[in-house]
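Notes for the one structure printed next.
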There are 2 protein chains.
Amino acid sequence: MTRFMILPPIGIGRGQWGAMKVRERPRTARQYVVGTLRREILQGRHQPGSRLRQEEVAARLDVSTTPVREAFRDLLAEGLISLDAHRGAVVRGLTLSDVQEIYQMRVRLEPLLAERTFDNVTDEQIARAEALHRRMCANTSPETWASLNEEFHATLTGGETQDGRLSGIVYTLAHAASPYVVLSMFARPEIIEMNNRDHAELLALYRVRDREGVSLKTELHLAQTLDTIEREVERKSSQQLADLNRDTEPG
Amino acid sequence: MTRFMILPPIGIGRGQWGAMKVRERPRTARQYVVGTLRREILQGRHQPGSRLRQEEVAARLDVSTTPVREAFRDLLAEGLISLDAHRGAVVRGLTLSDVQEIYQMRVRLEPLLAERTFDNVTDEQIARAEALHRRMCANTSPETWASLNEEFHATLTGGETQDGRLSGIVYTLAHAASPYVVLSMFARPEIIEMNNRDHAELLALYRVRDREGVSLKTELHLAQTLDTIEREVERKSSQQLADLNRDTEPG
DNA sequence: AGTTTGTATATTATGCACAATGCATAGATT
DNA sequence: AATCTATGCATTGTGCATAATATACAAACT
């Protein structure tokens with residue numbers, strides 16, 4: 001049935017709404033602000049301790065202050081800023097103690113998430129994870145590797161589709177710690193290879209449907225990562241740390 | 001410059017959010033809305049699945065819509081509502097699976113929190129916790145007991161003064177599960193006595209500064225509580241369960 | 001005829017400009 | 001010098017305009 005299409009050929013099939021759902025939803029101003037500020041903070045573009053003034057942010061991103069205020073609430077929930085009544089938003093830095101706390105939580109929570117989602121993991125999801133794994137083995141740039149890494153774990157645990165508290169918390173924690181992970185990988189590229197080997201083992205355990213094995217491997221993987229980061233931070237002077245955090249990426 | 005004020009002086013004017021304690025520092029409208037809605041939801045006054053319309057809430061609490069929207073963001077972070085762009089807020093119910101998830105997280109996180117805060121616990125804090133413990137032993141009303149219980153644990157772990165991610169998450173989880181805890185205590189009052197004995201043991205361990213013991217006891221205490229809740233829910237007929245979180249989906 | 005597809009309307013969330021409150025700091029008074 | 005007061009400034013709150021979604025209803029196709 002060849003029906004005349006009034007609206008642009010974005011989607012095949014019926015109507016623009018079905019197609020809209022596949023593409024990205026029209027983002028609200030708030031989502032735009034949250035995304036931008038989160039990226040900026042995680043990339044270290046805002047000095048920890050510096051204030052974020054809503055008017056300034058609103059002017060810079062060309063929106064009004066209302067969506068900025070709501071964005072601040074979201075960033076507060078993610079732990080990226082602190083927010084006191086009438087006193088405004090302050091960028092929270094990540095101390096080593098923070099990173100340790102985050103990883104100690106992940107070590108305990110991610111095996112639990114893996115166990116709880118284990119039965120819902122399909123062969124197709126494993127296949128997608130394996131595809132991501134191959135791309136991660138081929139790509140050695142820390143940033144893109146980290147990005148793929150997040151997608152990898154999200155694929156195996158149901159990702160954002162899961163609406164429970166656990167998956168949301170795990171997702172947020174993984175995000176929050178990412179700058180340090182990237183940092184340690186910059187310092188010692190062999191860490192990436194170690195992670196890739198861990199992922200290969202993990203995929204193998206998923207393939208043979210070894211629930212217990214997946215849980216244990218997940219725990220071990222994170223504990224080792226924390227250990228690596230701790231050693232790396234100890235090795236570095238805090239000066240160098242600050243330098244790396246301050247520098248921004250080349251366009 | 002004394003231009004006439006459209007808004008009356010603090011405290012009286014925009015109504016009854018002065019109806020709370022007059023002596024308390026003027027809270028912001030947002031804090032008032034968050035507190036009110038949280039209490040209402042946790043008390044089960046809103047059917048799970050029902051919508052919260054910002055205009056309605058704003059009119060009822062005699063506030064404008066902006067603080068209501070920001071309050072929605074806070075409640076979203078606490079997991080009490082879900083929130084989709086342009087589609088509004090929906091009250092989330094607590095399924096047994098949710099409660100299990102929450103307790104499985106608490107079993108893993110609270111020992112960690114106890115360990116991390118252990119060295120900062122002062123004798124004075126222990127004394128305050130003991131005072132609360134005595135009041136809890138004397139009081140057998142489930143609601144007040146639960147309220148004191150939260151204060152008890154907050155006292156021993158630094159409470160809200162702590163600004164790390166861990167303490168905030170633990171605090172939120174404890175809050176979220178409270179309706180079920182109260183429920184199980186209503187059903188079987190001896191649970192309160194069991195908890196009181198656990199607390200006495202815990203305090204003794206704090207007194208002798210046994211870090212490992214505190215951690216283990218905390219874990220055991222929560223695991224037992226989850227077990228009790230599960231058995232209690234199982235014991236009840238699915239009839240009564242259905243009463244608690246009524247399914248709003250029409251066939 | 002029954003179902004689906006398209007359009008108009010109504011409802012609700014989102015965004016904006018402005019008014020007002022509270023915090024912080026600098027200046028004046030005792 | 002210390003305390004109190006006044007002023008600047010950023011956050012908070014309000015009312016309204018706009019954009020998006022859901023609902024109702026008419027038209028078209030199988």
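Lettering of chains follows the sequences in order, A, B, ..., and the numbering in each one begins at 1. In this text, all values refer to a predicted model and were calculated from it rather than measured experimentally.
Considering only the side chain of B:T65, D:dC16 comes nearest among D:dC16, D:dG13, C:dA13. Side-chain proximity of A:E55 to the nucleotides D:dT11, C:dT14, D:dG13 is greatest for D:dT11. Taking only side-chain atoms of B:H86, from C-beta outward, the nucleotide of D:dG13, D:dA10, C:dT14 with the closest atom is C:dT14. Among the nucleotides D:dA22, C:dA24, C:dG15, the one closest to the side chain of B:R87 is D:dA22. The listed nucleotides are D:dA20, D:dT12, D:dG13; the one nearest the side chain of A:A85 is D:dT12.
Listed for the B:R69 side chain is no donor-acceptor partner under 3.5 Å among the backbone atoms of B:Q54. Judged purely by atom type and a 3.5 angstrom limit, B:T117 uses its side chain to pair as donor or acceptor with the backbone of B:L113. In this structure a side-chain-to-backbone donor-acceptor pair under 3.5 Å is missing from B:E150 to B:S147. Side-chain atoms of A:D98 come within 3.5 Å of backbone atoms of A:T95 as a donor-acceptor pair (strictly under, hydrogens ignored).
With a 4.5 Å cut-off on side-chain heavy atoms, A:F152 and A:L156 count as touching. At least one side-chain heavy atom of B:L109 sits under 4.5 Å from a side-chain heavy atom of B:L166.
An OP1 or OP2 oxygen of C:dG15 is reached within less than 4.0 angstrom by no side-chain nitrogen or oxygen of A:S64.
Of the two residues contacting DNA chain C, namely B:R51 and A:T66, the nearest-nucleotide position lying further toward the 5' end is that of B:R51.
A:L52 comes within 4.0 angstrom of the backbone, heavy atoms only, and of no base.
The interatomic distance linking A:Q54 (CD) with D:dC9 (P) rounds to 16 Å, in whole Å.
The stretch residues 69-79 of chain A comes close to DNA chain D through A:R69, each having a heavy atom under 4.0 Å from the strand.
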